2 protein chains.
Amino acid sequence: MDYMTALEKYIEDVGLFYERFGLAKMSGRILGLLMATDEEKVSFDDIVIQLQASKGSISGNINFLLKQKLIEKFMVTGDRKSYYKFSNENVFSLIDSKLDATEYVKQIFMRGNELHKDKESAKHKNISEVIQFYDFLEEELPKLKEKWKSLKKTG
Amino acid sequence: MDYMTALEKYIEDVGLFYERFGLAKMSGRILGLLMATDEEKVSFDDIVIQLQASKGSISGNINFLLKQKLIEKFMVTGDRKSYYKFSNENVFSLIDSKLDATEYVKQIFMRGNELHKDKESAKHKNISEVIQFYDFLEEELPKLKEKWKSLKKTG
DNA sequence: CATTTAGTTCATTTTATATTGAACTTATTG
DNA sequence: CAATAAGTTCAATATAAAATGAACTAAATG
């Protein structure tokens, strides 16, 4: 602990940071490593060694991150190892996984509202407003993404 | 389990739903109850009884939800109990707590990028792009909220 | 001022989640 | 085709998070 390098310190901080977003700390650490390392190639084993964790944990967390498209795998000719890198392709991913649930959020609120006997009650109206907000989001979020994409293209 | 009412079933589903957003299941259950109940007044004790949970757990979860502004407390003259209701004032709350972290996200990415020796590397540029995306969000999200607010006013 | 009410606090226990590590699979190399 | 390499799987274990429940506080009531 006393002699942590800047990289090690950073890795731990990113781990804690992503934990707040519902990722496992180890997933966050892997992201931290891939984000901050200067190595151009980072293999499975490199991760195991750098993070001093078990193969099982690294395997599970890498596959989770791949599924979320937060990292990418790449191969090198004549080398049987897999390498991993941080992905900025899916810069939306963490936000998406929370916000693209809008449809589901809406449904759970609608179901709640259907349980009300009095459809004219203040409560029913309040919840209806929340549902409308999610309708609004469903419409606006894709626009926001498009806006970002076109900004990126035009520089 | 076999004889759960529609309300009970709904409460459990909302609990599970909010769990995905990083809330404790019990917090989700409370939200589910407040959302779906037809009772106009729901007290601390009502919640303890309906959710069949301990006072300690309900106390902790209510205070968490109050802090997040997901629920509101109200009082009734001549009655020493506190009552709680679902709040739609802070319809943004769950999103906010994730997204208003943009500033912090940006900082952790910037710190990662500072560790790079080669500021011209592809990786450095990729991460810079992520940082730009968060700049973009910091600018756009407040606009989105304003848009919703004005939509609400004009009906 | 003793008693009830409404809720809080916090040490203990329960439950859920993540990690480990050994055994396994699948592919590659000599 | 034996041996190594690169990971995967999964039961056991460790860690972290949440719930319990008993003891407590603070306010109100009789």
Side-chain angles (χ1 to χ4, degrees), chain A residues 1 11-12 14-34 39 41-68 70-85 97, chain B residues 1 11-34 41-68 70-85 97:
Chain A
M1 274 304 200
I11 287 170
E12 290 306 317
V14 179
L16 288 174
F17 175 74
Y18 277 102
E19 200 178 27
R20 300 198 330 173
F21 283 85
L23 298 196
K25 233 180 307 212
M26 192 64 81
S27 289
R29 287 195 192 99
I30 295 172
L31 282 174
L33 170 59
L34 294 181
E39 304 300 324
K41 290 176 16 265
V42 178
S43 70
F44 184 92
D45 248 28
D46 294 336
I47 298 175
V48 169
I49 291 164
Q50 172 69 50
L51 302 187
Q52 297 172 60
S54 68
K55 291 204 296 176
S57 175
I58 297 306
S59 176
N61 281 288
I62 279 181
N63 287 319
F64 170 81
L65 292 169
L66 285 170
K67 209 174 64 195
Q68 300 289 313
L70 286 168
I71 67 173
E72 286 169 44
K73 184 193 280 216
F74 67 98
M75 308 298 275
V76 172
T77 323
D79 187 341
R80 58 210 269 198
K81 281 183 184 168
S82 299
Y83 296 95
Y84 301 94
K85 62 179 177 186
S97 64
Chain B
M1 273 303 200
I11 286 170
E12 290 306 316
D13 288 351
V14 179
L16 288 173
F17 174 76
Y18 277 102
E19 199 177 27
R20 299 198 332 175
F21 283 85
L23 299 197
K25 233 180 309 211
M26 192 64 80
S27 288
R29 286 195 192 100
I30 295 172
L31 283 174
L33 170 58
L34 295 181
K41 290 177 13 268
V42 179
S43 70
F44 183 92
D45 247 29
D46 294 336
I47 298 174
V48 168
I49 291 164
Q50 172 69 50
L51 302 187
Q52 295 171 62
S54 68
K55 291 203 294 175
S57 175
I58 296 306
S59 175
N61 280 287
I62 279 181
N63 288 319
F64 170 81
L65 291 170
L66 285 171
K67 209 175 62 196
Q68 301 288 314
L70 286 167
I71 67 174
E72 286 168 45
K73 184 193 280 217
F74 67 98
M75 308 299 274
V76 171
T77 324
D79 188 340
R80 58 210 267 198
K81 282 184 183 168
S82 299
Y83 296 95
Y84 302 94
K85 62 179 177 187
S97 64

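These numbers were taken from a predicted model, which means no experiment stands behind them. Chain A is the first sequence line, chain B the second, and so forth, proteins listed ahead of strands; every chain is numbered from 1. The analysis underlying the following values was restricted to heavy atoms, covering all of them including side chains, and did not include hydrogens, waters or symmetry mates.
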Exercise. Checking side chain to side chain contact (heavy atoms under 4.5 Å, CB included) against A:Y84, which of A:L66, A:L33, A:L65, A:D46 comes through?
Worked result: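 Exactly one candidate clears the test, A:L66.
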Exercise. With respect to B:I30, which candidate in B:I62, B:V42, B:I11 satisfies the side chain to side chain contact (heavy atoms under 4.5 Å, CB included) definition?
Worked result: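 Single side chain to side chain contact (heavy atoms under 4.5 Å, CB included) partner of B:I30 among B:I62, B:V42, B:I11: B:I62.
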Kindly give the heavy-atom pair with the smallest separation between [X] and [Y], and that separation in Å.
X	Y	result
B:V14	B:G28	CG1-O, 3.4 Å
B:L16	B:K25	CD2-CD, 3.9 Å
B:K55	B:F44	O-CZ, 3.5 Å
B:K41	B:V76	CD-CG2, 4.0 Å

Nearest whole Å is fine: how far is [N] [atom2] from [X] [atom1]?
X	N	atom1	atom2	value
B:R20	C:dA16	CZ	P	18 Å
A:E19	C:dT19	CD	P	9 Å
A:Q52	C:dT19	CD	P	14 Å
B:L66	C:dT8	CG	P	9 Å
B:L23	C:dA16	CG	P	17 Å
B:D79	D:dA27	CG	P	18 Å
B:M75	D:dA28	CE	C1'	12 Å
B:Y84	C:dG7	OH	C1'	8 Å

Exercise. For the helix from C:dC1-D:dG30 to C:dG30-D:dC1, what angle lies between the axis at the first five pairs and the axis at the last five pairs, to 10 degrees?
Worked result: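 Axis angle across the helix from C:dC1-D:dG30 to C:dG30-D:dC1, nearest 10°: 0°.
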Proximity to the side chain of [X] - top-ranked nucleotide from [options]:
X	options	answer
B:F44	C:dT20, D:dA19, C:dT8	C:dT8
B:M26	D:dA16, D:dA19, D:dG7	D:dA19
B:K55	C:dT8, D:dG7, C:dA18	C:dT8
A:N61	C:dG7, D:dA19, C:dT19	C:dT19
A:K25	D:dA16, C:dT8, D:dG7	D:dA16

For this session: Could you pick out which residue, B:S57 or A:G56, lies toward the 5' side of DNA chain D when each is mapped onto its nearest nucleotide?
Result: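 Checking each residue's closest nucleotide, the 5'-ward one belongs to A:G56.
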Exercise. If each of A:R29 and B:I62 is mapped to the nucleotide of DNA chain C with the nearest heavy atom, which maps nearer the 5' terminus, i.e. the 5' end?
Worked result: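 Nearest nucleotide further toward 5': that of B:I62.
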Exercise. A:R80 or B:S43: which one's nearest nucleotide on DNA chain C is closer to the 5' end?
Worked result: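 The residue mapped nearer the 5' terminus is B:S43.
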Problem set entry | CZ on A:R80 to CE on A:M75, rounded to 0.5 Å |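 Between A:M75 CE and A:R80 CZ, I get 10.5 Å after rounding to 0.5 Å.
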Problem set entry | Reported CD-to-CG distance for the pair A:E12 and A:L51, which is rounded to 0.5 angstrom |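 Between atom CD of A:E12 and atom CG of A:L51 there are 8.0 Å.
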Exercise. Base, sugar-phosphate, or nothing for A:N63, non-hydrogen atoms under 4.0 angstrom?
Worked result: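 Sugar-phosphate: the residue A:N63, judged by heavy atoms under 4.0 Å, touches backbone atoms but no base.
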For this session: May I ask you to say what A:K81 touches in the nucleic acid, namely base, sugar-phosphate or nothing, with a heavy-atom cut-off under 4.0 Å?
Result: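 Touches sugar-phosphate only.
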